[in-house]
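Below you'll find the structure, written out as structure tokens, and then a few comments.
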Amino acid sequence: MLDKTFNPKDVEQRIAAQWEASGAFKCGNRPGAAPFSIVIPPPNVTGRLHIGHALNNTLQDILARFERMRGKDVLWQPGTDHAGIATQLIVERQLAERQMSRIGMGREKFLEEVWKWKAESGGAIVEQQHRLGASADWSRERFTMDEGLSRAVTKVFVELYSQGLIYKDKRLVNWDPRLQTAVSDLEVENIEIKGHLWYIRYPIDDSDQFITIATTRPETLLGDTAVAVHPGDQRYTALVGKMAVLPLTGRLIPIIADEHSDPEKGTGAVKITPGHDFNDFEVGKRHKLPLINIINKDGTLNNDVPAPYRGLTREAARKKVVADLEALGLLDHVEPITHAVPHDEKTKTVVLEPYLTEQWYLNVQPLADKAIAAVEKGETRFVPENWANVYFGWLRNIRPWCISRQLWWGHQIPVWYDADGKVYCAETEDDAVKQAGGGSLRRDEDVLDTWFSSALWPFSTLGWPDKTPELARYYPTSVLVTGFDIIFFWVARMMMMGIHFLGEVPFRTVVIHNRVLDEQGAKMSKTKGNVVDPITLIDEFGADALRFTLALAAGQSRDMRIGPTRVETNRNFATKLWNTARFCEMNGCITVPGFDPTAVTETVSKWIVSETEYAIGSVTNMIEELRFNEAASNAYHFVYDIFCDWYVEITKPIFQSINEAAKAETRATTAWARDQILKLLHPFMPFITEELWAATAVTPRETLLVLSDWPKRVAPPDAEMASAEMMWVIDLIKGVRSVRAEMNVPAGAKIPLVMTGASEGSAARLARHIDVIATLARLSSAEAAPTIPTGSAQFVLEEAVVALPLGDVIDFARERARLEKDLKKAQDEITRFDAKLSNEQFVSKAPEEVLTEQREKRAEAQALALRLTDAIGRLAE
RNA sequence: GGGCGGUUAGCUCAGCGGGAGAGCACUACCUUGACAUGGUAGGGGCCAUAGGUUCGAUCCCUAUACCGCCCACCA
């Protein structure tokens, strides 16, 4: 006997162990089956599962389980990302607690520490993915710094280098002064902050005039090498070609004319600091201006500025420069402004500095062109498809990718230098030495951007550059499921690398899912403290409830809000499912081997087979179309509103009857429908369905549910007739219940029912389902009769009028009000249909079936109104 | 500045050319032999605004407003 409620805590771990032991998630053991593959977006090895991961993994798991049940050879490739910066920071912080430092111990020792950390505490997120029920092939788990994957990285680098696509360049980069590394354009987040616009007077050389410039960064004045005005700006034409005296330094800098200067902004004259501003860098190149770097790697001012400013932080330097200018009377005025300042995208606190360094770049332009073409040609499709525009937009304006990072944790760049600084790019040091013709070489100290290895994930995890069977079988992967926030970081780059190195797109379909917000609609962040922890939700409500909630919320809109109340609702759904199975158990509904749902004879059986068939079809279609929310809600609707609310209730009087043949068929049919439900829900709620699959079996099941076959659509006999009949029964019961409630008939009281004007068919239906109707509508009797007893409450059911003789109990005023309300509704409908049908344009232009439909509806409303009018008339008798 | 979403019941959201839906919340009643993590019956909406297309618009088109996101840039 099943317990009264489902206890996820007891069950989940046990079920997960069974799955693991059965090898159900392993790919490659279904020879002849079509492959279906997904690579997981590898979470950071430092990460904790957040609700966005939970959504992402749930959707992938739905697909994996669905396709596995459909007989495919499923590979869901799991793994983690080495996350250069995040991991290095964590280990550095731990070292600091032990009074140690990265620099102090040196590169080699430090990397040992990181690997040690990874072995001990890395990958906690993988355990959390297990908690969620993720059916990935865990035996194939990969890490971006694994030996094999690192080999792929090296090979890719060397090839791109030899193709001339990777090169070293000295230009401005976005510099993180705290980590002292370059970051790519994508890792910059421009944050609006309140600042000031300082108007500063630069004296003109050999003159008593000034040229006033406006700047948000007065401290960079120390590195100015020009002042620019717009060539067409009349105000300054006379000054172009003269020299200005740079305040605080006394350096002479030219006043130049350049289109970059915008007459509308500030004073129309702008200071040019090629060393610390991207635009100014370009201006400097155009005018062959000298470039002065005034900042150290840590963000403090260097020795190329006047002594008083050396060593100051940027903030301190700014204050001092402003104060000194003011003292000199060169500060014209200050305006408060709000402007966007580049911050480091991860912490959002560190202000990045445009900084002149030598870095490795990847010229992605040629790869981008092919990546664009592939989506244009439909080789990869986005779902929803409008995300393709975001993808195109970025790739069409792509700039070289700065791939080097001044970190230690990551893939070290496979480049060596000889004593003369000559470059040798090779897969191994030995090869480099060979290239150099002997001698000792020094390896480039930089590592690659973490996303460089992520870009190779769809093929590096399959064994590339080796020609493995897995690579042949599972590449291109079937579907990629991810969030829109990493379309640029990851999706586009995988496309570029996949096409370039494999000659084929890495995935056929990209599903972009919503972003998860908290229940108030706010973006979740650690600092706000509004992060909803999926593990907490799993602990409280079960993994199935969380998964079902996420699937239901995975609609087309951009955001979804998730919080405990919604998960609780679906925990309740799980309980409902559990108790339905319990009901089946209590009534002896046992799976009958070889049961043929198309051979049932009872109307009720035909009806539920037909409804099940419909549910199978809709859930299957919706998953195929990647409309997860529709799939989940269709399944929910079938299970709750049809199976639980009606079918189960209707079987109760059958089980209590003495019709043994009907009971036997109902038991078998119910067991069959329950099994179909378990299968339909399994991709969404794997734990509870797997548990019920075993618990409801009298003789052990042939396979675990996870390995069972997806339900096939069946063609039930007389489906339409059976459905119409059962709908009629349901409408009758609903009608009685409604009248009872409105007439305040006590719930326990059994009342008689008299049906008048019933056709032969209706009378027969009434007789056929008398037990069900009497039980569910709480009737003492139900019969067809020629006349309506006085003192009856009435309602209309198709051609018949149903009367509930309530005798003295009836409240005539109330009954009249109720009937009149219904009548008004019917009359309003008639009016609406008449308006339409009397419109010549409508009659002549609308399609025939719409016309017929409208006429039928009008006739129905007319008949209803007529019978209601009669009923009201009888009330007066 | 460029682009993209959203605006539907008190709340969170589905639906997207021919009768306005769900969950939660709300009201009334109900310990009915699966389930109170439940059941039954209800109340609640000019589907943001203004035009247009159409016989017909919550749905398609165009503008507007508000909310939000992405990209670029800001002296």
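We name chains A, B, ... by the order of the sequence lines, and we start the count at 1 in each one. Atom set for the values below is all heavy atoms of this structure, side chains included, hydrogens, waters and symmetry mates excluded.
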Can you tell me how far CG of D675(A) sits from OG1 of T696(A), rounded to the nearest 0.5 angstrom? 6.0 Å
Taking rA75(B), rU37(B), rA14(B) as options, the one with an atom nearest any side-chain atom of N629(A) is rA14(B)
rG23(B), rA75(B), rG5(B): which one has an atom nearest the side-chain heavy atoms of T569(A)? rG23(B)
When only distance counts, do a donor and an acceptor, one from the side chain of E264(A) and one from the base of rA75(B), lie under 3.5 Å apart? no
Which nucleotide in the set rC73(B), rG38(B), rC74(B) lies at the smallest distance from any side-chain heavy atom of R399(A)? rC73(B)
Donor-acceptor pair under 3.5 Å, K576(A) side chain vs rC35(B) base: yes
Separation between the P atoms of rC69(B) and rC13(B), rounded to whole Å: 15 Å
Name the nucleic acid region contacted by H196(A), choosing base, sugar-phosphate or nothing; use a 4.0 angstrom heavy-atom cut-off, strictly under. nothing
Would you verify whether the NZ or CZ of R217(A) falls within 45 degrees of the ring axis of W198(A) while also being under 6.0 Å from that six-membered ring's centre? no
Considering only heavy side-chain atoms of I337(A), the closest of rG42(B), rU32(B), rA75(B) is rA75(B)
Please state the C1' separation for the pair rG44(B) and rA34(B) - nearest whole angstrom. 32 Å
Is V648(A) touching bases, backbone alone, or none of the nucleic acid, heavy atoms closer than 4.0 Å? base
Would you classify K750(A) as touching base, sugar-phosphate or nothing, given that sugar-phosphate means primed atoms plus P, OP1 and OP2, and contacts are heavy atoms under 4.0 Å? nothing
Does the base of rA34(B) carry an N or O that pairs as donor and acceptor with the side chain of K4(A) under 3.5 Å? no
Hey, is the side chain of R737(A) pairing donor to acceptor with the base of rU40(B) inside 3.5 Å? no
Does a nitrogen or oxygen in the side chain of Y640(A) sit under 4.0 Å from OP1 or OP2 of rG39(B)? yes
Where the side chain of R566(A) is defined as all heavy atoms beyond and including C-beta, which of rU12(B), rG19(B), rC4(B) is the nearest nucleotide? rU12(B)
Is K821(A) close enough to rG42(B) that one of its side-chain N or O atoms is under 4.0 Å from OP1 or OP2 there? no
Using heavy atoms to find the nearest nucleotide of RNA chain B for Q656(A) and K845(A) separately, return the residue whose nucleotide is more 5′. Q656(A)
Using a 4.0 Å heavy-atom cut-off across all strands, classify D262(A) as base, sugar-phosphate, or nothing. base
CA sep, side-chain torsions, deciding dist, call: F548(A), L552(A), side chain to side chain contact (heavy atoms under 4.5 Å, CB included): CA-CA 6 Å; F548(A) 204 72; L552(A) 275 173; 3.6 Å; yes
Look at the side chain of N839(A) and decide which nucleotide, out of rC55(B), rA41(B), rA75(B), has an atom nearest to it. rC55(B)
Using the side-chain heavy atoms of Q841(A), tell me which of these nucleotides is nearest: rG18(B), rC55(B), rU37(B). rC55(B)
Looking at every strand, decide which applies to P847(A) at a 4.0 Å heavy-atom threshold: base, sugar-phosphate, or nothing. base
Compute the ring centroids of F573(A) and Y636(A), then answer whether they are less than 6.0 Å apart. yes
Need one value for F548(A): base, sugar-phosphate or nothing, where a base atom within 4.0 Å counts as base even if backbone is also close, heavy atoms only. nothing
Calculate the interatomic distance between I751(A) atom CD1 and rU40(B) atom P; express it in whole Å. 18 Å
Using a 4.0 Å heavy-atom cut-off, does I213(A) contact any base of the nucleic acid, only the sugar-phosphate backbone, or nothing at all? nothing
What is the nucleic acid contact for F6(A), judged by heavy atoms within less than 4.0 Å: base, sugar-phosphate only, or nothing? nothing
Test F488(A) against every option in Y391(A), W387(A), W394(A), F392(A) by the ring pair (Phe, Tyr, Trp, His ring centres under 6.0 Å) rule and name the one that passes. W394(A)
Got a second to check how far R858(A)'s CZ is from K836(A)'s NZ, nearest 0.5 Å? 14.0 Å
Comparing nearest nucleotides in RNA chain B, the 5'-proximal residue of the pair H339(A), D185(A) is D185(A)
Regarding the side chain of T5(A), the nearest nucleotide among rA41(B), rU37(B), rC74(B) is rU37(B)
What interatomic distance, in whole Å, is found between C1' of rU12(B) and the corresponding atom of rU40(B)? 25 Å
Atom P, compared across rC11(B) and rC30(B): separation rounded to whole Å: 31 Å
Options rA34(B), rA75(B), rG15(B), nucleotide nearest the side-chain atoms of V270(A): rA75(B)
Base, sugar-phosphate, or nothing: which does E630(A) touch, judged by heavy atoms less than 4.0 Å apart? sugar-phosphate
Please determine, for the side chain of S738(A), which listed nucleotide (rG23(B), rA75(B), rG42(B)) has the closest atom? rG42(B)
Taking atom P in both rA22(B) and rA9(B), what distance in whole Å separates the two? 13 Å
For atom NZ of K734(A), is the number of surrounding heavy atoms from other residues, nucleotides or ligands below 6.0 Å larger than 12? no
